[in-house]
Structure formats: C-alpha cells, structure tokens
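The next block holds one structure in the form of structure tokens; read it before the comments.
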Amino acid sequence: MMNNALESIHYSEGSEKPSVKDNLEVYNMRLCPYAERTILVLLHKKLSFTCTNINLKRKPSWFLDSTFGKVPVLLTEGKVIPESLLTCDYLDEVYGDEKLHPTDPLQKVVDRVLVEKQGQMMAHLYPMYGKFPGKEFSNEEKLEKFKNLLGVVRGFEDELKQRGSPFLGGSKPCMADYMIFPFYERIEALPLMLPDLGLAVALPDNLRCVNQWIASMRGTEAVQHYGMSPTRMAKATKISLATADYDIAIKESAGL
C-alpha cells in the first residue's frame, strides 16, 4: 500500500518550507527516476524519513537557496547531500548492518560502471518521453531512439545472463539493482505512452533475462511500495506533460 506522504503535494514557488521532525528528509519529485533511486534505498532499509515533494517547474525559493535546483536531495544532521548516487552511498554507509553495495571493492566498482553504462539510455529515453523546447520528434526519430536504447538494454541482458541470478546482487537486490530499475520502469510504459508505435517500442521477448529481472524487481517490497505500473506511469507522465501539474498527474493516475 502506498504511503500517502510519498504522494503528498509538490511544493512550489511561494510556498513555505514544511517543518520536519525526522532526522532524514528527502527532496523528491514523484515522477523523477533519479529521485526514485533514493526513495527505494530508504524503503529497502526501512528507514524513517520525511518525503518533501518539489515542483521542479515552479521551484520554491527555500529549495533553490540550499540546493543545485535538482532532486533528489538528502538532508540530515544539518547537511545537504545532492545527487542520487551520493545520497544512496551515504545511506548505505551509515544505515543497516546488511549493505547494498558489495563488500568486495572490485565488484563495487564493476557494479558502478554498469550503473553508469545503463544510465546512458536516458539520452535515448527522454526524447521519447518528454517535450523539448522547439523540438518535436517524429515517430521515425523515436523508433531510431528506441533502436539505440535497445543497444544499451542488450548489454544489460548479457550482464544478467553472465551473473545467472534473479538480481545483480544474487538472490537479493543490491545497490546496482535499485539504481538501474527506475529506467526500466519507464521503458515498460513506452507502448502505452506512444500508442501510435505500440509494440514497436516494447521490450522484445527474447530479452529473457531482462524481462525476468524486471519481474523480480517488481516483487521487491520497496518497488511494490513506491513503483508504478506501466499503465500508471504512462498516464501520470502524459498528464504531467499536458498540464505541467505533478499533483493532478499523481491524483488522476492513482490506483492504476
């Protein structure tokens, strides 16, 4: 069941900063894949935290005064920690006996390189998802972007096949699993986001390891708590793009 606090209003320009009692506060935006990384780690570790959603199109001054203007941001003990990888590394270092990062330093580096490589897909995925000022991509251009995206996905298929386990971390998810999943959560929604292209932008069935990994990740407690189904992701994104209102997008897509 979704914690309503994670889907609270997005604070915007002119709003007052809410008071926070938790030692951990995260500045979030409900549809941001990078902020989702931090939320998933917090949920995995079952930490008490306050989620403060930010309207990134009309940012409040108190948010801009203390950050680089991007989410996620983790606030703790009077310090401000920006960027998804930094926030998640901090949480893993400080909280919990069971770490998400591998204990082997070399494997930790290998996983981080994999995360960076998978992150390259966003250069292809964003033009398919969003609106760019002065640029509207044709269906042919979107198909070309999807073709390039699949090149990155096939590299992930090879990695999963080589590891031969449900998760990159073995029988349980590791940090790399949580850092990569938000990208695939959005890829799954592409056929619904782009109905004119439909199955032409769906993950092929022959990417067996990738599809099994997505199913395994959707079965984790953290993703079940915060993740979106492809139907909801597509509807929320479409509404957000059409209205520039995150709160309407989240409210009208709830329950899908």
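The basis for the numbers below is simple: all heavy atoms, side chains too, and nothing from hydrogens, waters or symmetry mates. Starting from 1, each residue takes its place in the sequence as its number.
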Is it true that a side-chain atom of [X] and a backbone atom of [Y] form a donor plus acceptor pair closer than 3.5 Å?
X: Asn55; Y: Tyr246; answer: no
X: Asp92; Y: His101; answer: yes
X: Asp177; Y: Cys174; answer: yes
X: Asp65; Y: Pro60; answer: no
X: Arg232; Y: Ser253; answer: yes
X: Arg37; Y: Phe181; answer: no
X: Glu77; Y: Asn23; answer: no

Just wondering, do [Y] and [X] contact through their side chains at under 4.5 Å, heavy atoms?
X: Lys235; Y: Thr231; value: no
X: Thr76; Y: Leu24; value: yes
X: Leu6; Y: Phe49; value: yes
X: Leu190; Y: Leu125; value: yes
X: Gln107; Y: Leu168; value: no
X: Arg58; Y: Ser15; value: no
X: Tyr129; Y: Leu241; value: no
X: Pro33; Y: Arg186; value: yes

Quiz item: Do you know which of Met122, Met121, Lys117 makes side chain to side chain contact (heavy atoms under 4.5 Å, CB included) with Val152?
Solution: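 Output: one option passes, namely Met121.
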Quiz prompt | Side-chain hydrophobic cluster, 4.5 Å single linkage: members besides Ile239 | solution =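 Ile248, which link up through side-chain heavy atoms under 4.5 Å apart, make up the rest of the cluster.
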Exercise. Start with the C-alpha gap between Ile180 and Leu114, add the side-chain angles, then the distance that decides, and say whether side chain to side chain contact (heavy atoms under 4.5 Å, CB included) holds.
Key: CA-CA 9 Å; Ile180 294 171; Leu114 178 63; 4.1 Å; yes
Determine whether more than 12 heavy atoms belonging to other residues, nucleotides or ligands lie under 6.0 Å from atom [atom1] of [X].
X: Lys147; atom1: NZ; value: no
X: Lys99; atom1: NZ; value: yes
X: Lys70; atom1: NZ; value: no
X: Gln212; atom1: CD; value: yes

Quiz prompt | Test item: side-chain donor near acceptor, Thr50 and Asp22, under 3.5 Å | solution = yes
Point-to-point distance, once rounded to the nearest 0.5 Å, from [atom1] of [X] to [atom2] of [Y]:
X: Ser84; Y: Leu40; atom1: OG; atom2: CG; value: 11.0 Å
X: Asp245; Y: Lys251; atom1: CG; atom2: NZ; value: 10.5 Å
X: Leu150; Y: Lys145; atom1: CG; atom2: NZ; value: 14.0 Å
X: Lys59; Y: Leu56; atom1: NZ; atom2: CG; value: 6.0 Å
X: Gln162; Y: Leu160; atom1: CD; atom2: CG; value: 10.0 Å
X: Phe167; Y: Thr220; atom1: CZ; atom2: OG1; value: 6.5 Å

Do you know the tightest heavy-atom contact between [X] and [Y]?
X: Leu100; Y: His44; answer: CD2-NE2, 3.4 Å
X: Glu157; Y: Val210; answer: OE1-N, 2.8 Å
X: Gly69; Y: Leu64; answer: CA-CD2, 4.0 Å
X: Leu91; Y: Lys45; answer: O-CE, 3.7 Å
X: Thr87; Y: Pro72; answer: OG1-CG, 4.3 Å
X: Glu36; Y: Pro182; answer: OE1-CB, 3.6 Å

Exercise. State plainly whether the residues Lys142 and Asp196 are in salt-bridge range, i.e. N to O under 4.0 Å.
Key: no
Count I, L, V, M, F, W, Y as connected when their side-chain heavy atoms are under 4.5 Å apart, and connections chain through other members. Are [X] and [Y] then in the same cluster?
X: Tyr178; Y: Val115; answer: yes
X: Val80; Y: Ile39; answer: yes
X: Val94; Y: Val41; answer: yes
X: Tyr95; Y: Met179; answer: yes
X: Tyr126; Y: Met228; answer: yes

Exercise. Apply side chain to side chain contact (heavy atoms under 4.5 Å, CB included) to Glu13 and Phe63, showing your working.
Key: CA-CA 9 Å; Glu13 184 181 10; Phe63 171 70; over 6 Å; no
Quiz item: Relative to the ring of Tyr11, is the ring of Trp62 parallel (under 30°), tilted (30 to 60°) or perpendicular (over 60°)?
Solution: perpendicular
Practice problem: Starting from the C-alpha separation in whole Å, work towards a yes-or-no answer on side chain to side chain contact (heavy atoms under 4.5 Å, CB included) for Met193 and Met128. | Solution: CA-CA 9 Å; Met193 275 288 298; Met128 301 178 70; over 6 Å; no
Practice problem: Go through the steps to decide whether Ser240 and Lys57 satisfy the test side chain to side chain contact (heavy atoms under 4.5 Å, CB included), and finish with yes or no. | Solution: CA-CA 11 Å; Ser240 175; Lys57 296 174 182 177; 4.0 Å; yes
Quiz prompt | All pairs passing salt bridge (Lys or Arg N to Asp or Glu O under 4.0 Å) where residues 163-173 contributes a residue, at least two apart | solution = Glu98-Lys172, Asp111-Arg163, Glu159-Arg163
